[in-house]
Enquirer: 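Could you have a look at this structure, given as structure tokens, before my questions?
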Number of protein chains: 2
Amino acid sequence: MVLSEKQKELIEMIGVFHEHKGLQPLVGRIIGLMLVHEDAEVTFDEIVEHLGVSKSAVSNALTFLQAKERVTYHTKPGDRKRYFSLKLGDWRSDFEKELLNIAEIQRFLEEVLDTRKDKSSEFCTKMKDFSNFLEFFRKEIPILFERFKKQYH
Amino acid sequence: MVLSEKQKELIEMIGVFHEHKGLQPLVGRIIGLMLVHEDAEVTFDEIVEHLGVSKSAVSNALTFLQAKERVTYHTKPGDRKRYFSLKLGDWRSDFEKELLNIAEIQRFLEEVLDTRKDKSSEFCTKMKDFSNFLEFFRKEIPILFERFKKQYH
DNA sequence: TTTTTGGTTCTTCTTTTACAGAACAAACAA
DNA sequence: TTGTTTGTTCTGTAAAAGAAGAACCAAAAA
């Protein structure tokens, strides 16, 4: 398959987006390539060629993506190549995990509040306020997912 | 002020938490120090001493935190020191921005869907499903914040 | 005026990241 | 058997990150 300019551009944009989330550049671009690839799956060689990187870099990136359960591969009879693709099936739980994770700061806030003597200060009130919201948020997220499921299926 | 073991531990934990979000180590620890500090505000020197880092590192970290509007300082009459503290007042909009930002991937998903020929494939269906959820999510987040405000105030 | 305080900027150093390239290995093919 | 395909692992390295230390500067104090 040959990539159009538009596709190459999308790969870069998706790559940068994932870089901002702390993933290494190549990892984000592999995700981009898998998303735009017409077969929705790519071989090891295709990654090497389309992204112009070394085999070792690709091997490490794929190992990482599989460890994080973002990618799997399957094989085809009479073909030794692996066909790597995104585990898009899990987007729901992945996204939920991500949301709950950013709310993890609540645990630290509560611990900090425990250690503070000025419980009724404006500072503590604001922290408590935020902590309460995060608690609320963590309870509401699963409900939000449920509502979506019912509404759209 | 002298920090207890518990407080030092909290600073480290809060530091690591922020490192995972892509902030540089010292920045996360400064946030931790400001959270546990009994005055809820720290001077430049206190940061240098409590965290055992150089003045230049502290200067750069504080510049960064102020640019990101996470920190401000005020001064006291007859005292040349700056008292730096967290801008905790904005937690609500900050957190909302963070949530909407992680939903930004939807934009790319829609663009990818545009370029794909296999619109009715399982792959595209799942992407569209995710994209729909993200749209739903982005609309619901502000509502969630509103509900919290009413419920707890 | 000179000195001190509080902080910034510039240069340098160390460590880590992200990748390249070559050697290697396992499975299959000839 | 020998060679080929499909990756993996090991070693090296350029570049960037993160911070140290010294020089520097502006405002206030002496």
Side-chain angles (χ1 to χ4, degrees), chain A residues 1 11-12 14-34 37 39 41-68 70-85, chain B residues 1 11-12 14-34 37 39 41-68 70-85:
Chain A
M1 145 176 217
I11 291 173
E12 284 309 306
I14 293 166
V16 169
F17 178 82
H18 283 92
E19 269 185 80
H20 288 330
K21 304 223 283 182
L23 297 182
Q24 75 187 58
L26 179 55
V27 167
R29 273 143 191 95
I30 290 178
I31 292 173
L33 177 59
M34 286 173 172
H37 193 284
D39 301 330
E41 59 185 26
V42 291
T43 64
F44 194 99
D45 281 344
E46 278 182 300
I47 299 173
V48 168
E49 282 159 31
H50 285 131
L51 303 184
V53 289
S54 69
K55 290 205 296 172
S56 55
V58 170
S59 179
N60 289 326
L62 286 175
T63 300
F64 173 85
L65 281 165
Q66 290 172 89
K68 292 263 165 182
R70 299 275 319 253
V71 159
T72 18
Y73 68 83
H74 67 107
T75 49
K76 298 180 182 182
D79 185 350
R80 274 160 69 194
K81 282 191 180 70
R82 292 173 191 171
Y83 292 80
F84 296 92
S85 57
Chain B
M1 146 176 215
I11 292 173
E12 282 311 305
I14 293 167
V16 169
F17 178 82
H18 284 92
E19 269 186 80
H20 288 330
K21 303 222 284 182
L23 296 183
Q24 74 187 61
L26 179 55
V27 166
R29 272 141 191 97
I30 290 179
I31 292 174
L33 177 58
M34 288 173 171
H37 193 283
D39 302 329
E41 58 185 26
V42 291
T43 64
F44 194 97
D45 281 345
E46 279 183 299
I47 299 173
V48 168
E49 281 158 33
H50 288 308
L51 303 184
V53 289
S54 67
K55 290 205 295 173
S56 53
V58 170
S59 179
N60 290 324
L62 286 175
T63 300
F64 173 84
L65 281 165
Q66 292 173 89
K68 292 263 165 184
R70 298 279 315 255
V71 161
T72 17
Y73 68 83
H74 68 109
T75 50
K76 298 179 182 182
D79 185 349
R80 272 162 69 195
K81 283 191 179 70
R82 293 174 190 169
Y83 292 80
F84 296 93
S85 58

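Throughout, a chain's letter reflects where its sequence line sits, starting with A, and its residues are numbered from 1.
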Enquirer: Do A:Ile11 and A:Ile31 come within less than 4.5 Å of each other through their side chains, counting heavy atoms only?
Expert: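 Not touching, per the 4.5 Å side-chain cut-off.
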Enquirer: Under the ring-ring contact (aromatic ring centres under 6.0 Å, His included) rule, collect the residues that match up with A:Phe64, sequence neighbours excluded.
Expert: none
Enquirer: Check DNA chain C against residues 16-27 of chain A and give the residues with a non-hydrogen atom under 4.0 Å, in numerical order.
Expert: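 A:Gln24, A:Pro25, A:Leu26 - these, ordered by number, are the residues of the stretch whose heavy atoms sit under 4.0 Å from the strand.
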Enquirer: Does B:Ser56 have any side-chain hydrogen bond (donor to acceptor under 3.5 Å, both in side chains) partners at least two apart in sequence or in another chain, and if so, which?
Expert: B:Ser54
Enquirer: Hey, can you pull the donor-acceptor pairs under 3.5 Å for the side chains in residues 14-24 of chain A, sequence neighbours left out?
Expert:
residue, atom, partner, partner atom, Å
A:His18, ND1, A:Ile14, O, 2.9
A:Glu19, OE2, A:Arg29, NH1, 3.0
A:Glu19, OE2, A:Arg29, NH2, 3.3
A:Lys21, NZ, A:Glu98, OE2, 2.7

Enquirer: Verify the neighbour count for atom CZ of A:Phe44: are there more than 12 heavy atoms of other residues, nucleotides or ligands below 6.0 Å?
Expert: yes
Enquirer: May I ask you to test the A:Leu62-A:Ile47 pair for a side-chain heavy-atom distance under 4.5 Å?
Expert: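 A:Leu62 reaches A:Ile47 side chain to side chain.
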Enquirer: Please list, chain by chain and in numerical order, all residues satisfying side chain to side chain contact (heavy atoms under 4.5 Å, CB included) with A:Lys81, sequence neighbours excluded.
Expert: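 A:Thr43, A:Asp45, A:Asp79, A:Tyr83.
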Enquirer: Rounded to the nearest angstrom, tell me the gap between atom CD1 in B:Ile47 and atom C1' in D:dA19.
Expert: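 One finds 15 Å between C1' of D:dA19 and CD1 of B:Ile47, rounded.
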Enquirer: Return the value, rounded to whole Å, for the distance between atom CZ of B:Phe64 and atom C1' of C:dT8.
Expert: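 Result: 18 Å.
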Enquirer: A:Ile30 has an atom CD1; how far is it from atom P of C:dA18, in whole Å?
Expert: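 Whole-Å distance recorded here is 13 Å.
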Enquirer: Taking the side chain as every heavy atom from C-beta outward, state whether B:Phe84 and B:His74 have any atom pair closer than 4.5 Å.
Expert: no
Enquirer: Reading nucleotides 2-10 of chain D 5' to 3', which nucleotides get B (base under 4.0 Å from a protein heavy atom), which S (sugar-phosphate only), which -?
Expert: ---BSBBBB
